[in-house]
Amino acid sequence: DAGVIQSPRHEVTEMGQEVTLRCKPISGHNSLFWYRQTMMRGLELLIYFNNNVPIDDSGMPEDRFSAKMPNASFSTLKIQPSEPRDSAVYFCASSPGTAVYGYTFGSGTRLTVV
Amino acid sequence: QKEVEQNSGPLSVPEGAIASLNCTYSDRGSQSFFWYRQYSGKSPELIMSIYSNGDKEDGRFTAQLNKASQYVSLLIRDSQPSDSATYLCAAHTGTASKLTFGTGTRLQVTL
């Protein structure tokens with residue numbers, strides 16, 4: 001299994017531009033999570049999906065952030081417009097349903113907004 | 001109060017010693033607990049899970065859970081320089097699918 005696949009690995013963009021991060025979960029996993037990691041705040045859950053349906057988006061910081069999961073094998077996290085304070089590492093993770101067994105992280109996207 | 005708390009460290013231990021990492025949680029409904037290891041610039045990797053009070057051993061790693069005191073710990077025996085990383089504690093509560101993470105403890109194993 002290829003694991004959770006994220007793209008791009010690195011993204012540098014100018015303030016005000018739209019940024020789209022992509023994630024392919026492990027096949028058969030029906031829960032998908034988007035986390036943001038910074039030195040100051042650690043790992044923060046932004047949103048998670050179960051069976052492609054958003055369950056909890058209370059961690060999405062502002063309306064500038066949106067996430068979709070059009071099918072079981074693909075999800076996007078979009079920031080529009082981007083701001084320097086959005087600079088962080090964004091991780092996608094997936095699990096086979098309930099998180100009682102933990103979940104598997106992708107390699108992350110390091111976003112820098114200048 | 002954060003839901004899952006860890007000392008940020010760094011915790012420095014000599015090679016071959018036992019490293020003890022601690023974590024406390026605030027929600028008594030938390031049922032499952034996890035330790036993730038994260039090397040610098042890499043993603044978190046699951047190394048241990050524990051669901052019941054007591055100890056759980058896996059190789060050089062032992063996870064300990066005390067639900068009455070609401071703490072979880074991870075012991076690493078015979079610490080190696082390759083164990084130098086940040087260790088994240090996570091808790092799963094109720095029927096929700098999500099995990100709540102602590103901010104991590106940075107471990108340094110010195111030669």
Side-chain angles (χ1 to χ4, degrees), chain A residues 2-7 9-10 21 23 25-26 29-60 67 69 88-110 112, chain B residues 1-10 21 23-27 29-52 56 58 61 63 65 67 72 74 85-106:
Chain A
V4 178
I5 300 173
Q6 290 187 247
S7 65
R9 289 295 305 273
H10 302 275
L21 311 181
C23 176
I26 292 173
H29 283 192
N30 60 0
S31 292
L32 182 141
F33 310 83
W34 283 101
Y35 279 83
R36 176 171 69 176
Q37 187 175 41
T38 61
M39 289 291 291
M40 291 297 295
R41 300 172 70 91
L43 268 172
E44 301 175 279
L45 177 66
L46 300 177
I47 185 171
Y48 79 92
F49 296 84
N50 192 36
N51 293 322
N52 312 337
V53 177
I55 303 300
D56 183 354
D57 66 354
S58 60
M60 296 286 261
M69 191 166 187
V89 180
Y90 290 80
F91 287 107
C92 175
S94 70
S95 75
T98 176
V100 70
Y101 300 110
Y103 36 69
T104 304
F105 283 85
S107 54
T109 295
R110 180 174 295 276
T112 303
Chain B
Q1 181 187 10
K2 291 187 177 178
E3 293 182 46
V4 178
E5 295 209 47
Q6 298 180 255
N7 188 316
S8 61
L21 304 162
C23 167
T24 59
Y25 60 94
S26 60
D27 189 338
S30 298
Q31 301 160 336
S32 309
F33 303 87
F34 305 88
W35 285 99
Y36 283 78
R37 178 177 61 200
Q38 186 175 24
Y39 292 114
S40 181
K42 301 295 186 182
S43 59
E45 172 194 12
L46 180 63
I47 56 171
M48 288 288 287
S49 59
I50 187 165
Y51 309 103
S52 304
K56 179 182 178 182
D58 184 0
F61 298 98
L65 174 59
K67 290 187 177 181
V72 193
L74 178 69
T86 296
Y87 290 79
L88 301 164
C89 174
H92 173 242
T93 303
T95 57
S97 292
K98 63 181 182 180
L99 299 183
T100 301
F101 285 83
T103 52
T105 298
R106 188 157 65 94

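All figures in this text were calculated on a predicted structure; none of them were measured in a lab. Chain identifiers are assigned alphabetically (A, B, ...) following the order of the sequence lines, protein sequences preceding nucleic acid strands; residue numbering begins at 1 within each chain. These numbers come from the heavy atoms of this one structure, side chains and all, not from hydrogens, waters or symmetry mates.
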Do other residues, nucleotides or ligands put more than 12 heavy atoms under 6.0 Å from B/Lys67 NZ? yes

side-chain contact (heavy atoms from CB on, under 4.5 Å), that's the test. Do A/Tyr48 and B/Leu99 meet it? Break it down for me. CA-CA 11 Å; A/Tyr48 79 92; B/Leu99 299 183; over 6 Å; no

Can you tell me how far the [atom1] atom of [X] sits from the [atom2] atom of [Y], to the nearest 0.5 Å?
{"X": "A/Tyr35", "Y": "B/Phe101", "atom1": "OH", "atom2": "CZ", "value": "5.0 Å"}
{"X": "B/His92", "Y": "A/Ser95", "atom1": "NE2", "atom2": "OG", "value": "8.5 Å"}
{"X": "B/Leu88", "Y": "A/Gln37", "atom1": "CG", "atom2": "CD", "value": "6.5 Å"}

So for [X], is it side chain, backbone, both, or neither that comes closer than 4.5 Å to the heavy atoms of chain A?
{"X": "B/Gln38", "value": "side chain"}
{"X": "B/Ser43", "value": "both"}
{"X": "B/Phe33", "value": "neither"}

Which atoms of A/Glu44 approach chain B - backbone, side chain, both or neither, heavy atom under 4.5 Å: neither

If I measure from the heavy atoms of chain B, does A/Tyr103 come under 4.5 Å with its side chain, its backbone, both, or neither? both

Report the residues that fulfil salt bridge (charged side-chain N to carboxylate O under 4.0 Å, His left out) with A/Asp57, sequence neighbours left out, ordered by chain and then residue number. none

A/Asp56 and B/Lys98: which non-hydrogen atoms are nearest, and at how many Å? OD2-NZ, 3.0 Å

